[in-house]
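Down below is the structure, laid out as structure tokens.
All ligand and atom numbering here is 1-based and tracks the order in the structure. Fair warning: this is a prediction, and the values are worked out from it, not measured in the lab.
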Amino acid sequence: IVSQPMIRIEGLTKSYGTAQALRGVSFEVPRGQVVGFLGPNGAGKSTTMKILAGFVTPTSGVAQVNGIDVSVDPVATRRLIGYLPENNPLYEEMMVRDYLDFIADVRGVPKSQRQTRIRSAVERCGLGSVLGKDIQQLSKGYRQRVGLAQAILHDPDLLILDEPTTGLDPNQIVEIRNLIKDLGREKTVILSTHILSEVQSTCGRVLIISEGKVVADDAPERLTTSEGGSVTVVLASR
Ligand code: ATP
């Protein structure tokens, strides 16, 4: 049996009215890879991830997860995907414990597995000490941990993380990056960011997107930034 790539995106375009967010994005990600999706604001990162997660319909092109077309069978593909959107909304007045229980319900985790799945996500994401707190009491770092726990509750094969460290302080950034690295040992991960050091510290491969097109696909070590710039990326000489 030939195994399918975890992600296959081919000729993806997306227009919002007259604004063309994606102009033909194509790439594949094999199972098990941790890939950075690097680009400046407005490059099309979030749009690509929303299409992959089944929340936005492309204007044209194909997006497949494990060989299944997202637009044809979004229910099947969502089961395979854990998606952490940018600015993930949380229910502020819910206790962390209750929130995870609620999400497990929404994601259709069978009752018999629920407690095991929640316990495992809590452990992975280091949430044991805050289970009894309301979400509104949590620091931004802990809120992102809740977001990651939420994303892995149904034990997906693929994690789609949209700018997971934006707005965090330096310590929280290190913690979340370490957590992502840990999750990447058993899951395929695509992680969007506009920070080169983020892909260098977490990813084995980087795709660079600019103005709605993938313009580079390489090992992160082969990229260097121009002076002081986190967004301007030039390819190291081959
Ligand atoms: P950011 O880091 O700012 O989230 P991004 O790389 O994720 O950037 P996208 O959010 O995918 O970029 O946006 C790509 C382009 O599409 C931008 O020019 C943006 O203004 C536009 N766009 C995105 N969503 C919409 C929308 N719902 N309606 C109109 N234009 C949109």
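- Side-chain polar atoms of Thr13 and Ser60 form a donor-acceptor pair below 3.5 angstrom.
- Near ligand 1, residues Tyr16, Ala21, Pro40, Asn41, Gly42, Ala43, Gly44, Lys45, Ser46, Thr47, Glu86, Glu163 each place a heavy atom inside the 4.0 Å sphere around the ligand atoms.
- For the residue pair Gln137 and Tyr142, no side-chain donor N or O sits within less than 3.5 Å of a side-chain acceptor on the partner.
- Among pairs with a residue in residues 45-56, those fulfilling side-chain hydrogen bond (donor to acceptor under 3.5 Å, both in side chains) read Tyr16-Thr47, Ser46-Glu86, Ser46-Asp162, at least two apart in sequence or across chains.
- Each side-chain hydrogen bond (donor to acceptor under 3.5 Å, both in side chains) pair with one or both residues in residues 206-216, not counting sequence neighbours, would appear here, but there are none.
- In this structure, Phe27 and Phe37 have tilted ring planes: the angle between them lies in the 30° to 60° band.
- Residues satisfying the salt bridge (Lys or Arg N to Asp or Glu O under 4.0 Å) criterion with Glu10, sequence neighbours excluded, are Arg8.
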